[in-house]
Each structure stands twice: as structure tokens, then as C-alpha cells.
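What follows is a short report on a single structure.
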Amino acid sequence: MTLVKSIAVLAVLLAASTYFGFRARRLYRMLRLGPNENRFDRTPERIRGVLSYVGLHTRMFRNLYSGILHFFIFWGFVVLLTAIIQAFGEGIHPSFSLAVIGGTTWIAFLQDLFGVLVLLGVVMALVNRLIIRPRQFQESNEVDALIILGLIATIMVGMLGQNAARIAEGGDPSAAWRPVASGIAHLLEGVGWQGTAAIPAHEAFYWIHILAVLAFLVYIPSSKHLHIIVAIPNVFFRKLGPRAGAALAPIDLEHAEHYGVNTVTQWSWKNLLDLYSCTECGRCQEQCPAFLTGKPLNPKMIIVDARENLYKTVRDAPAEQRRDAPRPQTLIGDAIKEDEIWACVACGACQQECPVLIEHVPKIMDMRRSLVLEESKFPKEAQGALRSIETQGNPYGLPRAQRTEWARGLGVKTVDEHPDAEYLYFVGCAASYDEANRAVARAFVRLLQKAGVDFAILGRSETCNGDPARRIGNEYLYQTQAQQNIETMTAAKVKKVVATCPHCFNTIKNEFPQFGGTYEVVHHTQLLAGLIKEGRLKPSKAIDGKFTYHDSCYLGRWNDIYDPPRAVVEAIPGAELVEIERHHKRGFCCGAGGGRMWMEEQIGTRINHARVEQTLRTQAPRVATACPFCLTMFRDGISAKGAEAQLQVQDLAQYLADAMDGVSPADGPPVQLPDHFNPPR
């Protein structure tokens, strides 16, 4: 009988493992369809990330309920691998034991404890899906989820029942370390299953246990729960350095075979691994401002639809092509609609929330590049901005000669006049041409002068940094603008750069190094907070009442700068800082990122209107921004809501200047914007 059992266990184990290996090999070969990408550097840092994001579930615990249930299930499976090894070992050879490493003592106790915790996690998951039913589960495959939860529960019941029956048989050395199994054993004894009478129960629970484990192994590669296996490598191979989206990968315009992505196999193997890793948890969509305001974009479905497109690409290929060169399937239009691609504001909320670190934004930007560079397809409103960047060096379409008019009367020197300046103030297009943002530049300059900061500007030789062009998808125009600025800054021997625009800040800091422009870059809120801390700026005029601060996506999520802007607010006498309901890492975009500043919102609620409504609910009369786009969108949103009497918006530099003695930035000369520039209202 023992030999028959051993053969049977070996047979089912071999069959399940063979099938799993076949499916895993197929998934691996699909990964290899994508171009190569080096993600094997900085191994210690990658391991630390796995320990944090996977081991400690740091992102999962942002939702406490979900975090707890996943923590129980994940660590339960880690611990209960010992029970699985023990079960198969005993089945193949009855004398197999883990006693030498504590299998009958502390390991036995952990198996008992985590068996219960996993079952508790399964119950919590069922309650979440069937009773609480959060919105993000509405598009999910409930049958798939229920099958997985059912298999997990069956594995736990089989394990606990197997151990309980063994205790009821008598003579189990681990009985004292298994309080739960011992309790179940008493129930079995109560119905007469004890001694040899418990042997059939032990065998039944044993087979329930191992067959459920093997069914789980067989089912996983075809399930959305494939993330159970691939999440760890996906976190390990995450992008290090500037976050994916903060620094888009450049295109080799001279040698590239394609410009952007329109077939799924044009993505690298790491991007394809992202597709496998999606848990369909919906956390990304619940933070996406486009989705929450009724736009067609759902970041979760971008990944899910792309994954299905990958499977279809391989499945529909002729047999002789499946191995090496499957017939490409169109990604844009069939799997993902153009409206979805253009709705993205590139805020990074989806990536910040994703528990397995999927890189959504670069994928959307890759598809935009394909539309713009290969098909010349993009929203008509963006055409004027792109043309203006190309001809005038700014998206406003105003003459290059007007770029320095904002500084009239301030005594600001150019790098030609002051080549040894400590800082280059990269003014940016908004502060150079937009009337409201010119006031920000003037206030900031007054503060720098008050603090004795040594700085200069590029003057008329400054041109658009290229961020709007790159995020819209015109990589060629971006590279032209970036290289022009880098050449100018290199000639001026620039070492340190300060910017009032987070988009300029992010581009110069994270993307200019791709083309040889490496500088020490700070945002103006960082510099101001430092000057206050050093005592070089001493705000003394009170501005009493509540303040709130709107986190810029390109300052906060993309570059982890949250505290300096708040430090500036807190330094203003009388100011009481309160937070908007969505703030810090869960801040809500103003709606202007990803080139959307230059496009109209045609669908759903305007994102800036939603953000203004959130801000009004704080009942703070003042909101501070640290980004020219955010300032514009707030001004427009407040005006559209007729809330001028309830809410004032200014840049932090303006509020700080108002709180300083001897600093009264004068308004600059007015600027007439061209007809084509019509920001959303």
C-alpha cells in the first residue's frame, strides 16, 4: 500500500509539474519576444526593494483591510511551503521528516498559526469581493478570484485536517505544538475517529491537501493570479534611479526601427513582465484623476488589454511562426483606444499606488510616440503648441524676443553678463510669457535678491525645455529643444540650476543627463526652504488663517519633494497649514500634465474643477501652488466655479514675498497671448 501511494504521489506531482513547466516556458518565451533591456544592475538595492514592497507589503497597507488579508495569505504561503514539502516528502517516502530543523516544534506551531491566518485572510477577501464590493472590482473576473480563494481554502483545510487526523491516530510528536490541529483532533475523536479509525480521515485530508496544491500549481499560469509568481521578479527588476515616467527612455532617432510602440512585442521584456504582474486590484484606477473624472482611461485596463493583446499575438500566429516571430497584432485601435491614450495626464498616481510596481505611464507615452511620430495623429489643440515650440521656442507662440520682458526693472543679469553666478535660474516658458506666472518669477527674484543669492538667467538664449513635446509624443522636437538648452548651458559652464517650474526641474534633473547635461538641480521651494532655515529669509509679516498646499505631480510623486513647500508655508507668521483630502503621494493632479495643458477636455468633469472642489472642502481661504501649470489650472477652476471670494491661489514664492519686509514684487508688463492658446476652463 505504501508503494502504491508513493507511486501515485510521484505521478500526480510529475504530471502537474510538467504542465506547469510547459506553461511557464511558454510565458518565458513570450517575454523574450520583446527587445532586451538591462535591469540586472545594483543588485543589493533591488533585493532591498523586494524585502520592502513584497516582504513588508508597504504599498498594500495603504488600504489597511486589504493589506492585512494579503499579508496573512502571502506569509501563510511562505511558511506553509514547509507543510507542502513535508506532505509530498512523506507521501513519497514515509520516513521523511523535517524534525531536524524544527518540523515537530516551532515549524509545526507556525504551520498551525498561519493555517488559521490564511483562512481568515480568505474569509476577509470573500467579504471584500462579495459584500463590500469596492468599485475597482467591478471589471474583475470574479469566477477566477473565487476559484483561487477556493483552492487556497481547500489547501488550508486539507493541511489542518491532515495534521489533526495524525494527532487523533496518536503518537504525533508535534501535537503539543499544534493547538489548532489538536482542537480539531478532539472533534474527530468525539465522533469516534481515533487510533486506527482516524487513518482513513488522515488519508482523505492528505489527498485533499496535495491535490489542491497541485491544482493551484496547474491553474496559476492561466490565471490573473499569475502575479503570485511574477510579482517578486517584477519588483526586483523595477526601474532604479529616476522613476519610470519621470525620465522617459530616449529614442535613437537615427537608428531606431520604430518610433514608439504600436505592437505589443515592441515593448521590452520588462514591460511584458509588467503585463503578467497585474493583479487587477484596481488601486491604480482609484487614484487616476482621468478615470475619476469620467475620462475613457483606466490604467488597469490598459495593462489588462495589452496583456490580452500579447496572448492573442501568439495564439493567432501560424504554428510555424509562434516560436520566434509571431504575427504582430495592432495594439493601438484594437486593444487600446486613442482616447484612452490621450486622456493620460502623466501624473504617476497609478504607478505610485501599484503594489507590484507596474510602469503604466511610459507605456502610454510609448503609444503616443507611435501616434505622433509614425502616424502624425494627435489632438488638434496640441498642434499649435508643438508648432510654437518649434518656431518660437515656447508653446505660447510669443516672440523669442519677449522672453526676458518679465525681468524688466529687476536688475537681473544674464549668464553672459555674470558668467560666475552660483545658480542659473531656468525661468521656463510659463514664467517668461504667462502674465500670472510672470508675477511668480518676479516674486522669486525679489526673494533671491533679499537673501543675497548669486544667480543669473540665460535670457533670450533660453528655449523651451521640451517637456510638453516629449509628453505629447514628439520625441524629435523634445530632443531638439533639450540639446539646444544643454549646448547653451554647457557653454555658460552652468553647475547649479534652480527652477520655479516642476516640469523644467524634472526635465533638467532627470532627462537632460540622457544627452550629456548633468547639473545640480533644485526646485525653488527647496531653495526657499533652505534660505529660511539658514536665516537668510525671515518672514515677519503675518498672513493669518488657514493655508492649504496643492502637491505638483512632477515635484511630489515623480521626485519625492513634499516637505520643503510645506516648510515655506509653515514659516509664514499666522499661517495654519491644512491638507486637502488627496495630498502627498495620493495628491490629485491639476489636469495639465502629460501635455494636457495644451489640449481641451471634452469628456467628463474637468480635472481642475474636481481639484478646486476638493480644495474648497478644506474651507481654507488660500491655496499655495509650486507649479505654473497648477497655478493656471487653479485660477481657471476657481473662476469657472465662481469661487473667487472663497479661495485665493498664489505660488508659494508670492505668499512668502508678501510675508517679507522690504519685498514687494511689482507687476511686470502685460503679455497678450495668441489666439490659439486657450487653456481649459
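One is the number of the first residue; the rest follow in order along the sequence. Quick caveat: nothing in here was measured; it's all calculated off a predicted structure. Just the heavy atoms: all of them, side chains too, but no hydrogens, waters or symmetry mates, feed the values below.
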Dump the intermediate steps for side-chain contact (heavy atoms from CB on, under 4.5 Å) on Ser552 and Thr625, then the final yes or no. CA-CA 7 Å; Ser552 160; Thr625 61; over 6 Å; no
Does Trp558 form a side-chain contact (heavy atoms from CB on, under 4.5 Å) with Gln351? I'd like the steps, not just the answer. CA-CA 10 Å; Trp558 289 129; Gln351 291 183 201; 3.7 Å; yes
Assess whether side-chain contact (heavy atoms from CB on, under 4.5 Å) is satisfied between Asn465 and Glu511, documenting all intermediate values. CA-CA 10 Å; Asn465 68 78; Glu511 296 187 320; over 6 Å; no
Applying salt bridge (charged side-chain N to carboxylate O under 4.0 Å, His left out) to Glu359 and Arg243, what does each step give before you reach the verdict? CA-CA 9 Å; Glu359 299 164 6; Arg243 290 176 177 160; over 6 Å; no
List the steps, then state whether side-chain contact (heavy atoms from CB on, under 4.5 Å) holds for Gln526 with Ile561. CA-CA 8 Å; Gln526 293 177 292; Ile561 299 173; 3.5 Å; yes
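Salt-bridge annotation for Glu601 and Arg596: absent, with no side-chain N of the basic residue lying under 4.0 Å from a carboxylate O of the acidic one. A salt bridge is absent between Arg460 and Glu405; no separation between the charged side-chain nitrogens and carboxylate oxygens falls under 4.0 Å. One finds a salt bridge joining Lys377 and Glu338 here, because a Lys/Arg side-chain nitrogen approaches an Asp/Glu carboxylate oxygen to under 4.0 Å. The residues Lys363 and Glu340 are annotated as not salt-bridged, no charged nitrogen and carboxylate oxygen being separated by less than 4.0 angstrom.
Glu581 CD: more than 12 foreign heavy atoms inside a 6.0 Å radius. Dense packing is recorded around CG of Asp560, with more than 12 heavy atoms of other residues, nucleotides or ligands lying under 6.0 Å away. Within a 6.0 Å sphere centred on OH of Tyr28, heavy atoms belonging to other residues, nucleotides or ligands number 12 at most. Other residues, nucleotides and ligands contribute at most 12 non-hydrogen atoms within 6.0 Å of the OH atom of Tyr476.
Ile472 approaches Gly595 most closely through the heavy-atom pair CG1-CA, 3.9 Å. Of all heavy-atom pairs spanning Glu286 and Phe291, the tightest one is OE2-CE2, 3.8 Å. Among all heavy-atom pairs drawn from Trp598 and Pro468, the shortest one is NE1-CB, 3.5 Å. Trp342 approaches Arg368 most closely through the heavy-atom pair O-NH2, 3.4 Å. Contact detail for Leu297 and Cys288: the closest heavy-atom pair is CD2-SG, 4.0 Å. The two residues Ile603 and Pro296 have their closest heavy-atom pair at CD1-CD, 4.0 Å.
Under the 3.5 Å distance criterion, the side-chain polar atoms of Gln402 are left unmatched by any main-chain donor or acceptor of Pro399. Put simply, the side chain of Arg557 gets close to the backbone of Lys585: a donor and an acceptor are under 3.5 Å apart. Judged purely by atom type and a 3.5 angstrom limit, Asn394 has no side-chain atom pairing as donor or acceptor with the backbone of Arg400. Side chain of Gln654 to backbone of Asp651: a donor-acceptor contact under 3.5 angstrom is found. Of the possible polar contacts, none joining the Gln285 side chain to the Asn298 backbone as a donor-acceptor pair under 3.5 Å is found. The closest donor-acceptor contact from the side chain of Arg59 to the backbone of Cys354 lies under 3.5 Å. A donor-acceptor contact shorter than 3.5 Å is absent between the side chain of Asp305 and the backbone of Ile336. Put simply, the side chain of Asp274 never gets that close to the backbone of Ile358: no donor and acceptor are under 3.5 Å apart. Side-chain atoms of Gln479 come within 3.5 Å of backbone N or O of Ile251 as a donor-acceptor pair. Side chain of Arg438 to main chain of Ser432: a donor-acceptor pair is present (N/O by atom type, distance under 3.5 Å, no hydrogens or angles).
Remark: the Arg582 side chain and the Gln287 side chain contain an N/O donor-acceptor pair separated by less than 3.5 Å. Checking Ser388 against Gln392 by side-chain atom types alone, no donor-acceptor pair falls below 3.5 Å. Using modelled atom types, one finds no donor on one side chain facing an acceptor on the other under 3.5 Å when comparing Asp636 with Ser639. Glu487 and Gln483 share no side-chain donor-acceptor pair at under 3.5 Å.
Ring geometry for Tyr519 versus Phe512: interplanar angle over 60°, hence perpendicular rather than tilted (30 to 60°).
Interatomic distance, CE of Met365 versus CG of Leu248, reported as 7.0 Å (0.5 Å rounding). Between the CD1 atom of Ile232 and the CZ atom of Phe237 there is a distance of 12.0 Å, given to the nearest 0.5 Å. In this structure, CZ on Arg611 lies 4.0 Å from CD1 on Ile580, to the nearest 0.5 angstrom. Between Met633 atom CE and Cys590 atom SG the span is 5.5 Å, to the nearest 0.5 Å. With rounding to the nearest 0.5 angstrom, the OG atom of Ser268 is 12.5 Å from the CG atom of Leu33. The distance from the CD atom of Glu308 to the OG1 atom of Thr313 is 11.0 Å, given to the nearest 0.5 Å.
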Indicate every side-chain donor-acceptor pair of residues 492-504 with a distance under 3.5 Å to a residue at least two apart or in another chain.
unit_1	atom_1	unit_2	atom_2	d
Lys496	NZ	Glu422	OE2	3.0
Thr500	OG1	Tyr425	OH	3.1
His503	ND1	Asp467	OD2	3.2

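Side-chain atoms of Gln266 and Glu257, non-hydrogen and from C-beta on, never get closer than 4.5 Å to each other. Side chains of Arg283 and Met60 form a contact here, defined as non-hydrogen atoms less than 4.5 Å apart. For the pair Thr263 and His258, the minimum side-chain heavy-atom distance is 4.5 Å or more. When side chains are defined from C-beta on, Lys270 counts as touching Asn234, because their heavy atoms get closer than 4.5 Å. Residues Leu226 and Leu27 are in side-chain contact: their nearest non-hydrogen atoms beyond the backbone lie under 4.5 Å apart. Inter-residue side-chain proximity for Arg403 and Glu462 is flagged as met; some heavy-atom pair is nearer than 4.5 Å. At least one side-chain heavy atom of Tyr478 sits less than 4.5 Å from a side-chain heavy atom of Glu475. Residues Arg307 and Lys224 have side chains in contact (heavy-atom distance under 4.5 Å, counting atoms from C-beta outward).
Partner of Phe378 under the side-chain contact (heavy atoms from CB on, under 4.5 Å) criterion, chosen from Leu371, Leu373, Leu386, Asn474: Leu386. Considering Leu275, Val264, Leu310, Thr265 as possible partners of Met30, the one that fulfils the side-chain contact (heavy atoms from CB on, under 4.5 Å) test is Leu310.
Residues passing the ring pair (Phe, Tyr, Trp, His ring centres under 6.0 Å) test with Tyr53: none are found, sequence neighbours excluded. Looking at residues two or more places apart in sequence or on another chain, you find a ring pair (Phe, Tyr, Trp, His ring centres under 6.0 Å) between His227 and His225.
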